[in-house]
Visitor: 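Handing you a structure now.
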Amino acid sequence: MNWLPQVSPLTVVLIPFIGAALIGLAARSWKTQQLISWTTSALFLLAVLGQLGAVLAGETPRQLVWEILPGLPIAFSIEPLGMIFALLASSLWIVATPYAIGYMVNGGYTSLARFFACYAIALGAAAGIAFADNLLTMFIFYEILSVSTYPLVAHTGTAKARQGARTYLGILLLTSICFWLPAMIWTFIATGTLEFAQGGILAGHLGPTQAGLLLLLFMFGTGKAALMPFHRWLPSAMVAPTPVSALLHAVAVVKAGVFVALKLALYVFGLDFLAEIPLTDFVLYVATFTMIAASLIAIHQDNLKARLAYSTVSQLAYIVVGALLATQVAAIGGGMHMVMHGYGKITLFFCAGAIYLASHKTLVSELDGIGRRMPFTMAAFLLGALCVIGIPPMGGLWSKWHLVTGAFEAGHAVVLAAFLLSTLLNIAYLLPPVLRAFLKPLPEGEPATLKEAPLMCVVPLTLTAAGSMVLFFAAGLPHRLMQLVFA
Amino acid sequence: MRENGILRIVARFLIPLIMLFGLYIQFHGEYSPGGGFQAGVVVAAGWILFALIYGLEAALKVIPERVMYVLAAFGVLLYAITGLMGVILGGRYLDFYPLLPGEHAAQQFGIITVEFGVGVTVATVVMLIFTYFARRKSEWEALSEEEPE
Amino acid sequence: MIDIGLLTFMVVIAIAVVRTRDLFAAAMLFAIYSLLSAALFAVLDAGDVALTEAAVGAGISTILILAVLALARRYEHPTGGHNLVALLVVLITGAALIYATLDLPEFGSADNPAQVHVGPYYIEQSYPDMGVPNMVAAVLASYRSIDTMGEAFVIFAAGLAVYALLGVRPRSGRFRRRREPEEEDAS
Amino acid sequence: MTVLGFFNYWVVIILMMIGLYCVIARGNMIKKIIGLNLFQTSVFILFISAGKVVGGSTPILREGVEVYSNPLPHVLILTAIVVGVAITAVGLALAVRIQEAYGTIEDDHLGDDGEDDGPFEEEQRG
Amino acid sequence: MAIVDLMPFSVLAPLIASGVVALLPGRFWPWAITLLAAIVATVIAALTLPAALESTLSYPFGNWPPPIGIEYRVDAANAFVALLVAGMAALSLPWAKVSIDREVPERQGAFYALFLLALAGLLGITLTGDAFNVFVFLEISSLATYALIAHGRDRRALLASFRYLIMGTIGATFLLIGIALLYMMTGTLNMADLAVRLPEVQHTRTVDAALAFIVVGMGLKLAMLPLHLWLPNAYAYAPNFVTIFLAGTATKVALYVMVRFIFTVFGGEYSFTVLPLAIVLMALGVAGMFAGSWVAMFQDHLKRMLAYSSVAQVGYMVLGVSLFSAAGLTAAFLHMFNHALIKVALFMAVGTIMYRIGSIKLQDIRGLGRQMPWTLTAFALAGLSIIGVPTTAGFISKWYLILAAAEAGHWWLVGLIVITSMMAVYYIWRVIEAAWMQERPAGSPAVREAPLALLAPTWLMVALNFYFGIDTRLTVGASTAAAEALLGVGGLMP
């Protein structure tokens, strides 16, 4: 990737915002808006890739934008973990763009300019979170992400959509302002800095008990990581159009949450210090509980998107567990799982959307035999499901492998058992749709018009399905980057 | 009260006396109790007495409302500009020494001028306020006649 | 010593003002109160203040109140409730003031802080400084001239305010409906 | 200080309390304004008594007078009286307008804030 | 001309201009001269601030040396507040033109003259070094303010004005009682001189009571919690421009006077030991924060909502003072400045809505976001600032307040501040949701976007909110200097 120009971190973050502004200005011309969406996502991907070479070489490009108050700068730095998140978001955005265009146009939605502008802002905010050099910068972009996705969730404007969106925003803002913000202030007062540093900044400044409280505040404050009991927003947000659920609630928003959790564990607490905190285990068990409980709920969901949403809740808990096990291997597993689950889950959402677009079916129980009419979609669904479950030859294997090894190393037998149980549950709720679709006959009276969704939708989901398979072979890149975190 | 002949006659003597007294405390303020404010009140009281006896319209013919309003602003401006003269002539604001060559003369000149400003403002503002209060009643009555219930 | 008789009389009048529901009587009693306090000021050597209080309190204020009474009901409605709160506030204020007096310097003593600092300068220097025998006038118009300018502007502001409020001709007819006959409850 | 000295101050304080009570407890707006005047006048007395020197006289320079009372409080109270009458005038003007707008000047009858009685008709000015 | 000779003219310019403006006919010239006077005052205040940061400036009126005469005595604290007051006037006047032409169509000369008097009064209170002069200029500004509020077109404006008049006068009289007691104990009215002479008579019951009366008196003008009753209606029914100006200035100046007396005249050490000021102010501040925010959450009248929010914000400032530390005072001054920026922007946006649709009830602005996008966006952005989102001015002051609370070891305050911020989120969010997420009620007429004359000043204020949220050198620097000037009593000695 060395042939790509390396721009400053701020520029990377600004690209989507500029794109959003241009989309807003081009409100009249739908063609121009499409063009800008494409260009922006492409430029964004290139800009992110341009950073890869330097990061792989062990550098950390930094940029101080402005120091608001002494010790409180807006600053960016591109370190390996953020790079993983940025790569995930940028690569999936460019796939999601055609899907979103195809879906929104064919689904007959209106106010597309607002939709795509907010979409771009959300991606820019995700990049801002990925590249934030300190907690304050991260917090700002975290809130921008929450607020900018509200119009997306409430896009249809119906009472139900508004209600869902209100729950969504309410929980995210409440947790971040009531827990995260005080935790950040506490950190600043205790350490005098908010800057991320390898190995953490808290060690030596706080006692284990205080640090435990701080950990609680931070982890529950990161509402986007959907730890129980603050997971309700995720199913609520499923009222959104599917491209939103796909990109934002499989990638940008939820991954931002777990990314923050990982970042906090690695760069604020530090794994060594984390291991000394007694309350870490408590949070760990909360995450483990979330993992299992969400899976159990998912099994009972007949609505496909709701099932996927609870699956997401469960999978996010994997990553939080990975962060809290406080071993290197588990943390590496957590970082890799961000990518693997991202690709797998976006495929599943794309498929759910494609099914809805083609047949207006939303329930798992309605999917009988649909695989015969929509073979590509359902095949992709299978691959995505396998990736999330962690079965070869899908990328999900590697991340789960590391996570399980980490749990074993840390000696947490309960967590280990939970991983295994959860994998079984994954199979139990992800495979039935596929089995119904392919093995059961199509019910009587289905219109002959039922066929694959438009190409604009099918191609992206095929790509992401393929991507999750490629990741099985190309897992070296995320692994390498995660190792650099500890270099 | 307008019909009361005796009152009118008494007032005819009294009002000039009141005015004279007002002028006395205005310009004799440095030597005896009194000054701009008291003088203004007394002059206004004389005018109000006139208005009570001869009617507001007659009183407003002596000093129209608009004139009062302008004089009120004139009074404060006189004060402020006297103060400003101190700055223009090389001193501080409200510094009277630079106004005239003699020290005592300068101070007395300044004091008399600003007191006069106060007096004018006070007298006119009091008259103005009285005018509005007194006129309100007749305005209400006019309103009732226009639209009987 | 201040004239105790004057003060006692004032207390009686003040209580009467509060108790009466006849606003006309209240205005008249207030005028008397002002005159008495003017007398008190004179006793306290404050000639200028006495003159002013007599002209303002017994004169202008009373005339204005009477002018408004011509427009509104003469009798106050009996008030109900919330006197307890008022009483509490007043008692606390009074207690604080009494507390404050406990350490006040002796009344009228020539070596009070107020008589030995700043004040003597005016007494001794106002004639040499400006040749004005009335020290009050000297302090008012020269030493503390900016205060007096502020005072002039306060009056000016009041004039403008009344002009803005009442220079407009009334339009609403509501006042007519609720003006009950005045002979009721003349207690 | 002698009890007698206290007594004078205390009577003045009682006057203040009566005035303040009249402002707070009375609902009638004219009564409130009268109360305000009572209150302020009593404060003026307190202030003026600060300047009194026993055996002194009015601070106007005369032959044969040695002791003068302090002129400074007098000046301050002159100003304060003017301020007081200005407040009275504005308060009364407001009372007149309230009488026109509401038909009463009993504050108690006017209820509180929140309820909406629609925008007041626009006034004709001039 | 040295800056010290120019300094008093930031008060005198509007004062003198008021006499002129009162005589001007028509609709243009009164406004233009008023704006000119406000700009002059602002420029002079802006020039004064750097000089005052270096050394205390003193301007004796009539060339009589204090304490014989009256002086204007300016250090970092009052130079900062003066710049704030004059600046807010100059910034809000461009907004006023169109709005006042509608709300006060006739006799604008008197209206603008009253405005100038209110402005000059506030500036006079701020700059003066004489305790009684504070009272006089307080009354100038109060009288003018009562009249300005009564200009509101809703009849409740009259009632609000009258109630404010009663409470304001009681407050001013309390101040006067305090000054009288101080004078009886020291024989002087000059604040710096008082500061020198008070230690001799400290810990007398009279001085204690004087402090109490002054704090309560200014608390009334400041709308500190139990004394806030006048504020919501006064803000709600005054003409929009008047609300904007008052929200930006009046309570701040009252707080400044209170702080000046507490720290400079009495000395912070004394004030906080003799009266339980720390605990009382903290309790009232916290109660104000909560009660104000709480009531604001249920208001459907946007101006009342913002007015209650102001009560809450005053609580923040009082809380900062109650911490009795350099950090706390810095936070209080910062919040004075930043809250002025925020509230002026918010009230401008609300006033702009009112200008167009004639109502600011929550149910009447449903769906307005599409028809007046610029106005509502300005409201939303200014709303971010009152919530305290980073990169806005509101964040900076809350951050400092939190640091000050933590420094004093009051951890629980951090939690409370965060909770009240959440309440701010709620009341701002209600508006945003109504404006964008709901449909325009059926049958309501189409609305055009507001005229540029209203939008441009509003957006300027919004931009300033973000500017001062990012570039904090001026605000933090001046606030720190102000706090130091107040705490270091030595700096004020002649």
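Letters A, B, ... mirror the listed sequences (proteins, then strands); counts begin at 1.
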Visitor: Can you tell me how far CD of D:Gln99 sits from CG of E:Leu158, rounded to the nearest 0.5 angstrom?
Guide: 12.0 Å

Visitor: Locate the shortest heavy-atom distance separating D:Leu76 from E:Phe132; write the atom from each residue and the value.
Guide: O-CZ, 3.2 Å

Visitor: Could you go step by step and tell me if E:Thr169 and D:Val23 meet the side chain to side chain contact (heavy atoms under 4.5 Å, CB included) rule?
Guide: CA-CA 10 Å; E:Thr169 309; D:Val23 183; over 6 Å; no

Visitor: Measure distances from E:Tyr146 to the heavy atoms of chain D and classify the residue's part below 4.5 Å as side chain, backbone, both or neither.
Guide: side chain

Visitor: In Å, rounded to the nearest 0.5 Å, how long is the span from NZ of D:Lys32 to CD1 of E:Ile166?
Guide: 6.0 Å

Visitor: D:Leu94 and E:Ala150: which non-hydrogen atoms are nearest, and at how many Å?
Guide: CD2-CB, 3.7 Å

Visitor: Taking non-hydrogen atoms and a cut-off under 4.5 angstrom, which of residues 173-186 of chain E neighbour chain D?
Guide: E:Thr173, E:Phe174, E:Leu176, E:Ile177, E:Ile179, E:Ala180, E:Tyr183, E:Met184

Visitor: Decide yes or no on side chain to side chain contact (heavy atoms under 4.5 Å, CB included) for D:Leu36 and E:Ile170, but give the supporting numbers first.
Guide: CA-CA 8 Å; D:Leu36 216 49; E:Ile170 293 176; 4.1 Å; yes

Visitor: Tell me which of these, D:Leu72, D:Val82, D:Ile33, D:Asn70, has more heavy-atom pairs under 4.5 Å with chain E than the rest.
Guide: D:Leu72

Visitor: Select one option (side chain, backbone, both, neither) describing which atoms of E:Ile140 are under 4.5 Å from chain D's heavy atoms.
Guide: neither

Visitor: Inspect the surroundings of CD in E:Gln363 and state if more than 12 heavy atoms from other residues, nucleotides or ligands are less than 6.0 Å away.
Guide: yes

Visitor: Checking heavy atoms, do the side chain of D:Met16, its backbone, both or neither come under 4.5 Å from chain E?
Guide: side chain

